[in-house]
A.B. asks: 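Structure provided below as structure tokens; questions to follow.
Throughout, protein chains are lettered first and strands after them, A, B, ... in sequence-line order, and every chain is numbered starting at 1.
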Amino acid sequence: MKIAITATGEDLESNCDGRFGRCSFFVIVDPDSLEYEAIRNSSRKARSGAGIQAAETLAETGADAVATGNVGPNAFNALDSAGLNIYTGASGTVEEVVGLFKNDELTQVNEPTTSGGTGRKK
Amino acid sequence: MQITVSAGKGGTGKTTVATNLALALRKEYDVEFLDCDVEEPDAGIFLKPDFESSQPVNIKIPEVSDEICTYCGQCSDACEFNAIATFGENVLVYPELCHGCGLCSLVCPVDAIKEKDKKIGEIRMGKAGAIDYYEGDLIVGEPMATPIIKELKKKTSHDRVSILDSPPGTACPVIESLHGSDFALLVTEPTPFGLHDLKLSVDVAREIGVPVGVVINRDGIGDANVERYCKEENIPILLKIPNDREIAELYSNGIPFLDRLDGWKEKFLQLFKRVERLAEEERETSEKGGSNLGKSEETQTSKP
């Protein structure tokens, strides 16, 4: 089981980035062993559809879940199609978010938690 | 003769200038007016056109056949706008991100993508007295104004005087409105905000090779920095409209001030004559291989 956490940096001490599609890095962590790898979010500066592209990136990493601050409608739809579990309300460092996840303190969501960023008007 | 009235800053008086200019020219010239501010077309408030017909504007969006698709993901990789995404055996299309370029269907190796029409707005056509009037209207919630402006511009003809009322800003819809014009009439107000955004407009117009002139609206407020800038950059100031309560009151009642205040028809006619001359000079210079725009070919190509 691996969870991807949106982050401002590349390690467990980095802060969680509340944005999904335009976060700087994904830190992908095994919650039990705390082994992790960080990947740069190449859709950070996408012209549009950053959340969609980020979901495609994550789908390729084999992560089973994602923890972030909020997800917009396009990202939600994409992550859902990719079969990832989505947790929102994450804050603090990456390691702290892993702790919250293990203690069931993150909210698993089944709908978007924000109206989205640059791509979509609601 | 195509004149686009534009401005970096919103609310500087583009529509005021464009509509009054059209009215000033309506007797002596064959005038058509195009409201290219398709997100909120409002020139009709002043010109009061009677619409005779309309036509829809569509873009092509992809439709993926599940039976043919091999989920190779080449369409998703190709899309600059992330409007199509592939997850396992699932292809998602996001119509509101799609620019209708058709690249996804071109790169699809198995021809699984067909394109279907999606309406994003319409064009309305009519008459405002002697002026042929066209306006574009983007459906609320649709993000792309440019295809409507493109369609609208197909109505223009270069042997008439076409006045285009551009959207504000410097993004794609403005570039589309300016592209191919003989002259860009840039409206600004003499304030730091006005100047900041005027500089952006000038950069855009020069980059696409359209000569510029400035109209200062609400003259009398702010400072002298717009005039200083125009002098330094050798940009003609073609008209100043004072910050005047009567003009503002007429505006809020939807009345073009040219119809009520003496002397303005002549001023707008003079402005047009100067625009004609400036556009002509620019044509002659560019035919000789040079450019009046203060930018050589080299500096243009060395830009990133």
A.B. asks: Looking only at heavy atoms, which two atoms of A/Val29 and A/Leu12 are closest? And how far apart?
C.D. replies: CG2-CD2, 4.1 Å
A.B. asks: So how far is it from B/Lys9 NZ to B/His196 NE2, rounded to the nearest 0.5 Å?
C.D. replies: 12.5 Å
A.B. asks: Within this structure, what is the OG1-CG distance for the pair A/Thr6 and A/Asp17, rounded to the nearest 0.5 Å?
C.D. replies: 5.5 Å
A.B. asks: For the aromatic rings, using the six-membered ring if either is Trp, is the centroid distance between A/Tyr87 and A/Phe101 under 6.0 Å?
C.D. replies: yes
A.B. asks: Listed by residue number, which members of residues 103-116 of chain B have a heavy atom under 4.5 Å from any heavy atom of chain A?
C.D. replies: none
A.B. asks: Any luck finding a side-chain donor-acceptor pair between B/Thr12 and B/Asn217 under 3.5 Å?
C.D. replies: no
A.B. asks: Using a strict 4.0 Å threshold on nitrogen-to-oxygen distance, state whether B/Arg206 and B/Glu233 make a salt bridge.
C.D. replies: yes
A.B. asks: Begin from the C-alpha positions of B/Glu189 and B/Thr191 and carry the test side chain to side chain donor-acceptor pair (under 3.5 Å) through to its verdict.
C.D. replies: CA-CA 6 Å; B/Glu189 52 183 38; B/Thr191 61; 3.3 Å; yes
A.B. asks: Dump the intermediate steps for side chain to side chain donor-acceptor pair (under 3.5 Å) on B/Thr15 and B/Asp42, then the final yes or no.
C.D. replies: CA-CA 8 Å; B/Thr15 303; B/Asp42 61 351; 3.3 Å; yes
A.B. asks: If you check every heavy atom in residues 70-90 of chain B against those of chain A, which residues fall under 4.5 Å?
C.D. replies: B/Ser76, B/Glu80, B/Phe81, B/Asn82, B/Ile84, B/Ala85, B/Thr86, B/Phe87, B/Asn90
A.B. asks: Distance only, no hydrogens: is a donor on one side chain within 3.5 Å (strictly under) of an acceptor on the other, for B/Thr156 and B/Ser162?
C.D. replies: no
A.B. asks: Against chain B, label A/Ala78 side chain, backbone, both or neither, depending on which of its atoms sit under 4.5 Å from a heavy atom there.
C.D. replies: both
A.B. asks: Return yes if some donor-acceptor pair links the side-chain N/O of B/Lys119 with the main-chain N/O of B/Val57 below 3.5 Å, else return no.
C.D. replies: no
